Amino acid sequence: MYTTLKPYTIMAKTAQKSGTTSKSNSRDKIIESYKEYKLMHGEQPASVFAFMKSVKMKEEQFFEHFSSFHSLEAVVWEDMISSVIHAIHADENYGEFNVREKLLSFYYTFLEVLKANRSYVLMETINSKPGFKEQPAFKNMKMAYLDFVHGLMIEGNDTGEIPKRPFISDQYKQGFWLQLLFIMNFWKNDDSKGFENTDAAVEKAVNLSLDLIEKGPLDSIIDFAKFLYQNKG
């Protein structure tokens with residue numbers, strides 16, 4: 001395991017928002033109050049009006065940030081990813097990491113965020129199919145994660161860690177999205193102490209995926225396929 005990689009906690013998100021305005025503070029209060037409401041009652045509030053009244057805020061404050069409870073839930077998941085990306089980039093050592101280490105740093109930090117929100121995550125995904133594939137609320141989270149991975153792939157191309165492969169390279173980020181879903185699902189069902197098995201699964205999954213796309217046998221296969229195509233009789 002990359003024990004030198006610093007594990008960030010959910011507190012990193014708070015640090016990133018030390019200079020927030022009252023408007024963004026109201027957004028965060030609504031989100032946290034909504035999560036608490038669902039955890040306490042096991043369901044959505046009857047209406048936006050009733051919910052906002054229960055937290056002593058005006059209904060219009062809700063609609064300054066969200067169009068519905070469903071859009072709020074999408075923001076919750078997106079914020080989890082965004083807080084991780086902000087946290088790892090804030091570390092002074094992050095820029096010195098290679099692609100493999102940066103991806104590991106992301107996942108280990110993401111696991112800390114999941115741990116801090118475990119009750120909510122389990123409640124929201126209790127009826128999901130294996131792989132978390134049936135979650136509409138993941139849409140914004142997916143876009144944020146794919147942007148992050150796309151940046152890593154470009155960096156890997158520039159440093160030579162990841163070869164540029166026509167048509168294939170553009171699909172890597174979709175594979176890493178499936179990897180994220182696998183890790184989330186593994187963590188969800190992990191009953192080991194301190195989620196040690198999930199930490200091991202992260203390392204093995206990242207090493208396997210990057211071993212596959214780094215220069216190696218795959219390039220020989222591609223070169224051979226090109227040769228056969230160019231010399232077909």
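None of the values given here were measured: they were computed from a predicted structure.
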Inset, instruction - Supply the atom-to-atom distance T109 OG1 to L114 CG, rounded to the nearest 0.5 angstrom. - result: 11.0 Å

Inset, instruction - Under the side-chain hydrogen bond (donor to acceptor under 3.5 Å, both in side chains) rule, what do S26 and Q61 come out as? Steps first, then yes or no, please. - result: CA-CA 8 Å; S26 68; Q61 288 179 281; 4.7 Å; no

Inset, instruction - Output yes when a side-chain donor or acceptor of E161 lies under 3.5 Å from a complementary backbone atom of V99, and no otherwise. - result: yes

Legend entry - Side chain to side chain, I183 and L111, heavy atoms closer than 4.5 Å: yes

Inset, instruction - Considering only NZ, NE, NH1 and NH2 on the basic side and carboxylate oxygens on the acidic side, decide whether R100 and D211 come within less than 4.0 Å. - result: yes

Legend entry - pair V55-I30: side-chain heavy atoms closer than 4.5 Å: no

Legend entry - Distance-minimising heavy-atom pair for F97 and E155: O-OE2, 4.1 Å

Legend entry - Donor-acceptor contact present, side-chain S209 to main-chain A205, <3.5 Å: yes

Inset, instruction - With sequence neighbours left out, write down each residue that passes ring-ring contact (aromatic ring centres under 6.0 Å, His included) with Y120, or none if nothing qualifies. - result: none

Inset, instruction - Answer yes or no: does atom CZ of F63 have more than 12 heavy-atom neighbours from other residues, nucleotides or ligands under 6.0 Å? - result: yes

Legend entry - Check: F106 ring centroid to Y145 ring centroid under 6.0 Å: yes

Inset, instruction - Check whether any side-chain N or O of R118 sits under 3.5 Å from a backbone N or O of V113 as a donor-acceptor pair, and report yes or no. - result: no

Legend entry - Stepwise side-chain contact (heavy atoms from CB on, under 4.5 Å) test for K142 and Q174: CA-CA 10 Å; K142 179 178 181 179; Q174 298 299 331; 4.0 Å; yes

Inset, instruction - List the atom of Y37, the atom of Q44, and the distance in Å for their closest heavy-atom pair. - result: CE2-C, 3.8 Å

Inset, instruction - Working to the nearest 0.5 Å, report the span between CG of N207 and CG of L212. - result: 10.5 Å

Inset, instruction - Tell me yes or no: between the side chains of Y34 and E73, is some donor less than 3.5 Å from an acceptor? - result: yes

Inset, instruction - Only counting residues at least two apart or in another chain, list the ones meeting ring-ring contact (aromatic ring centres under 6.0 Å, His included) with F62. - result: F66, F69

Inset, instruction - Working to the nearest 0.5 Å, report the span between OG of S192 and CZ of F186. - result: 7.0 Å

Inset, instruction - Report yes if the side chains of V202 and F110 come closer than 4.5 Å at any heavy-atom pair, otherwise no. - result: no

Legend entry - Any F176 side-chain heavy atom under 4.5 Å of I213 side chain: yes

